[in-house]
Amino acid sequence: QVQLVESGGGLVQTGGSLRLSCAASGSIFSINTMGWYRQAPGKQRELVVTITRGGNTNYADSVKGRFTISRDNAKNTVYLQMNSLKPEDTAVYYCNADIKRDSLWGPTSNYWGQGTQVTVSS
């Protein structure tokens with residue numbers, strides 16, 4: 001029932017910017033950690049950044065200083081502002097969240113979005 005819907009991917013030139021959004025919907029009681037991961041062809045999925053409900057962040061070294069994660073708890077939405085994009089940032093970006101469904105007694109599960117393609121041309 002819970003879904004993560006991403007938007008904002010696209011094609012940009014080196015040095016450009018994109019803003020990704022991920023909105024969680026469904027029978028949600030609470031959302032704890034949210035984050036962004038990415039996967040390039042032939043590579044393992046890797047952490048980009050995570051953010052706790054309280055705002056603590058954990059960035060991959062490769063994106064520090066260029067990417068910024070934020071969240072709006074009232075909207076159940078997480079964002080990723082990507083600046084100074086490089087060709088090596090090209091990947092499918094996936095939203096991720098730990099969500100408790102239905103009620104205080106509902107199960108807590110990890111969810112993934114469908115992924116959105118980010119392509120940075122050289």
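Any value given below was found using the heavy atoms of this structure, including those in side chains, with hydrogens, waters and symmetry copies removed.
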Listing, residues 14-32 side-chain donor-acceptor contacts under 3.5 Å, not counting sequence neighbours, or none:
{"residue": "Thr14", "atom": "OG1", "partner": "Ser121", "partner atom": "O", "Å": "2.7"}
{"residue": "Ser17", "atom": "OG", "partner": "Asn83", "partner atom": "OD1", "Å": "2.9"}
{"residue": "Ser27", "atom": "OG", "partner": "Asp102", "partner atom": "OD1", "Å": "2.5"}

ring-ring contact (aromatic ring centres under 6.0 Å, His included) partners of Phe67, counting only residues at least two apart:
none
How long is the gap from CG on Asn56 to OG1 on Thr33, to the nearest 0.5 Å?
9.0 Å
Verify, without hydrogens or angle tests, whether Asp89 (side chain) and Val118 (backbone) share a donor-acceptor contact under 3.5 angstrom.
no
Nearest 0.5 Å, please: how far is CD in Gln3 from OH in Tyr111?
10.5 Å
Can you confirm whether Glu6 sits close enough to Tyr94 that some side-chain heavy atom of one is under 4.5 Å from a side-chain heavy atom of the other?
yes
Would Thr68 and Thr57 count as a side chain to side chain contact (heavy atoms under 4.5 Å, CB included) here? Give the steps.
CA-CA 9 Å; Thr68 303; Thr57 57; over 6 Å; no
So, for Val92 and Gln117, which heavy atoms are closest and what is the spacing to 0.1 Å?
CG2-OE1, 3.3 Å
Thr50 side chain near Trp36 side chain, heavy-atom distance below 4.5 Å:
no
Please check if the side chain of Ser62 supplies one atom and the backbone of Ala60 the other of a donor-acceptor pair under 3.5 Å.
no
Shortest non-hydrogen contact from Lys100 toward Thr108:
NZ-OG1, 3.2 Å
Donor-acceptor pair, Gln81 side chain versus Ile69 backbone, under 3.5 Å?
no
Does a salt bridge link Asp61 with Lys64, judged by any charged N lying under 4.0 Å from a carboxylate O?
yes
Going by heavy atoms in the side chains, are Tyr93 and Leu80 under 4.5 Å from each other?
yes
Please examine the side chains of Asn58 and Leu47, heavy atoms only from C-beta on, and report whether any two atoms are closer than 4.5 Å.
yes
Could you give the distance from CG (Leu85) to CZ (Arg66), rounded to the nearest 0.5 Å?
6.5 Å
With Val12, which of Thr119, Val120, Thr90 fulfils side chain to side chain contact (heavy atoms under 4.5 Å, CB included)?
Val120
Nearest-0.5 Å distance that lies between atom OH in Tyr79 and atom OG1 in Thr77
4.5 Å
Roughly how far, to the nearest 0.5 Å, is CG of Asn110 from CG of Asp98?
5.0 Å
Which atom names give the shortest non-hydrogen contact between Arg71 and Ile51, and what distance separates them?
NH1-O, 3.3 Å
Go through it in stages, so that I can follow the logic: the residues are Arg38 and Thr116, the test is side chain to side chain contact (heavy atoms under 4.5 Å, CB included), and I'd like the CA-CA distance, side-chain angles, deciding distance and then a yes or no.
CA-CA 9 Å; Arg38 66 187 182 186; Thr116 183; over 6 Å; no
Contact summary for Pro87 and Ser122, nearest pair of heavy atoms
CG-CB, 3.9 Å
If you apply the rule side chain to side chain donor-acceptor pair (under 3.5 Å), what do you find for Tyr37 with Arg45, and how did you get there?
CA-CA 7 Å; Tyr37 295 74; Arg45 189 170 300 185; over 6 Å; no
